[in-house]
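These notes concern the structure reproduced below.
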Amino acid sequence: MEKYFSQFHIELTEVQKRQFLLYYQLLIQWNDVMNLTAITDFDEVCEKHFADSISLVNVLDVSKCSSMVDVGTGAGFPGIPLKIVFPHLEVTLIDSLQKRVNFLNEVIRQLNLENINALHGRAEDFAHQIAFREKYDLCVSRAVANMNTLSEYCLPFVKTGGVFVPYKSQKGLDEIDNATKAITVLGGKYQGKTEFLLGEEYRVLFAIEKIKPTPKKYPRKAGLPAKDPLFPG
């Protein structure tokens with residue numbers, strides 16, 4: 001397991017190793033009855049889910065962040081691996097499927113994670129609630145939505161001075177070029193990209209700083225950001 005974290009200069013404690021192992025076991029167990037991941041081999045999960053999640057350290061000093069929201073977290077990536085490695089983080093996981101949230105709550109319980117909540121619902125709805133809007137130092141997402149849509153989901157959660165970091169593959173390079181206007185309107189500023197290889201796969205993380213509050217009308221009502229993205233290229 002450790003070799004997959006070494007490229008990010010992360011040295012796991014024994015407790016963290018046990019937590020990742022239990023997380024993997026729960027992922028496989030629950031995957032038998034619901035669709036959590038197509039990747040089930042231990043080494044592949046370590047590389048393509050766990051280490052990929054931790055690659056955020058290539059972009060910023062996570063130790064200086066106190067709160068984080070993971071939008072469209074799915075099986076808990078990248079939020080739970082980041083919580084394991086950086087236990088000081090106060091973490092909110094958001095997913096639209098109750099079954100996945102049930103899984104996340106079981107992971108949280110069995111790994112004895114504290115100051116982390118898994119919430120069922122849509123980002124468009126949570127982002128208008130005072131308890132969540134512009135409350136986080138950091139927003140992350142590995143969701144497959146294009147950057148215009150993903151920015152509308154995520155930037156409203158980030159406080160001014162905070163950062164939104166989407167995890168992307170090669171196609172993300174085209175997406176970011178078409179999303180800069182939407183990012184600006186939503187109160188963000190594109191600061192640059194970090195490219196690297198994870199095994200043989202190209203990965204890119206974008207750093208989007210929140211420089212001013214998001215206009216109150218965003219995000220638009222549930223479904224619209226995906227159906228009608230802002231300023232598509």
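Every heavy atom of this structure was used, including side-chain atoms; hydrogens, water molecules and symmetry mates were not.
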Worksheet item: In terms of heavy-atom contacts, does NE2 of His9 have more than 12 from other residues, nucleotides or ligands at under 6.0 Å?
Response: no
Worksheet item: Is the side chain of Thr149 donor-acceptor paired with the backbone N or O of Pro229 at a distance under 3.5 Å, no angle test?
Response: no
Worksheet item: Got more than 12 heavy atoms from elsewhere within 6.0 Å of CD, Gln129?
Response: yes
Worksheet entry | side-chain contact (heavy atoms from CB on, under 4.5 Å) partners of Ala118, counting only residues at least two apart | Leu93, Val101, Leu104, Asn105, Ile108
Worksheet item: In terms of ring plane angle, is the pair Phe5 and Phe20 parallel, tilted or perpendicular, where the classes change at 30° and 60°?
Response: tilted
Worksheet entry | Counterpart residues, side-chain contact (heavy atoms from CB on, under 4.5 Å), relative to Lys171 (two or more places apart) | Ser169, Glu175
Worksheet item: Does the ring pair (Phe, Tyr, Trp, His ring centres under 6.0 Å) test come out yes or no for Phe50 and Tyr23, once each step is laid out?
Response: CA-CA 10 Å; Phe50 296 164; Tyr23 188 9; 5.4 Å; yes
Discussion item. Using a 3.5 Å distance criterion without hydrogens, assess whether the side chain of Arg18 forms a donor-acceptor pair with backbone atoms of Thr13.
Written reply: no
Item to complete: May I ask you to check if Lys193 and Phe206 form a cation-pi contact, with NZ or CZ under 6.0 angstrom from the six-membered ring centre and within 45° of the axis?
Response: no
Practice prompt. Decide side chain to side chain contact (heavy atoms under 4.5 Å, CB included) for Leu56 and Phe8; before the verdict, give the C-alpha distance in whole Å, the side-chain angles of both, and the deciding distance to 0.1 Å.
Written response: CA-CA 9 Å; Leu56 179 70; Phe8 306 117; over 6 Å; no
Worksheet entry | Pair Glu195 + Arg203: basic N to acidic O under 4.0 Å | no
Discussion item. If we ignore hydrogens and angles and just use 3.5 Å, is the side chain of Gln191 paired with the main-chain N or O of Ala207 as donor and acceptor?
Written reply: no
Item to complete: Quick one: which residue pairs count as a salt bridge (charged side-chain N to carboxylate O under 4.0 Å, His left out) with a foot in residues 92-102, not counting sequence neighbours?
Response: Asp95-Arg100
Worksheet item: Looking only at atom types and distance, does a side-chain atom of His88 sit under 3.5 Å from a main-chain N or O of Cys65, one as donor and one as acceptor?
Response: yes
Worksheet item: Judged by modelled atom types alone, do Gln98 and Asn102 share a side-chain donor-acceptor pair under 3.5 Å?
Response: yes
Worksheet item: Can you tell me if Ser67 uses its side chain to pair, donor with acceptor, with the backbone of Glu90 under 3.5 Å?
Response: no
Item to complete: Mark yes when over 12 heavy atoms from residues, nucleotides or ligands other than Ile130 sit less than 6.0 Å from its CD1; otherwise mark no.
Response: no
Fill in: Flag for Asn117-Thr92: side-chain donor and acceptor within less than 3.5 Å
no
Worksheet entry | Given Lys210, Lys212, Lys216, the one that forms salt bridge (Lys or Arg N to Asp or Glu O under 4.0 Å) with Glu134 | Lys210
Worksheet item: Which pairs pass salt bridge (charged side-chain N to carboxylate O under 4.0 Å, His left out) with one or both residues in residues 138-156, sequence neighbours excluded?
Response: Asp52-Arg142, Glu152-Arg220
Worksheet item: Does Leu155 reach the side chain of Ile208, with side-chain heavy atoms less than 4.5 Å apart?
Response: yes
Item to complete: Test salt bridge (Lys or Arg N to Asp or Glu O under 4.0 Å) on Lys221 and Glu124 and set out the steps.
Response: CA-CA 6 Å; Lys221 66 180 182 179; Glu124 301 99 313; over 6 Å; no
Worksheet, complete the sentence: The complete set of ring-ring contact (aromatic ring centres under 6.0 Å, His included) pairs with one or both residues in residues 110-158, sequence neighbours excluded, reads Phe126-Phe132
Item to complete: Write out all pairs satisfying salt bridge (charged side-chain N to carboxylate O under 4.0 Å, His left out) with one or both partners inside residues 24-37, taking only residues at least two apart or from two chains.
Response: none
Fill in: Test item: side-chain donor near acceptor, Gln25 and Gln29, under 3.5 Å
no
Worksheet item: Of the options Val140, Leu138, Val165, Val163, which is the one that meets Val59 in a side-chain contact (heavy atoms from CB on, under 4.5 Å)?
Response: Val165
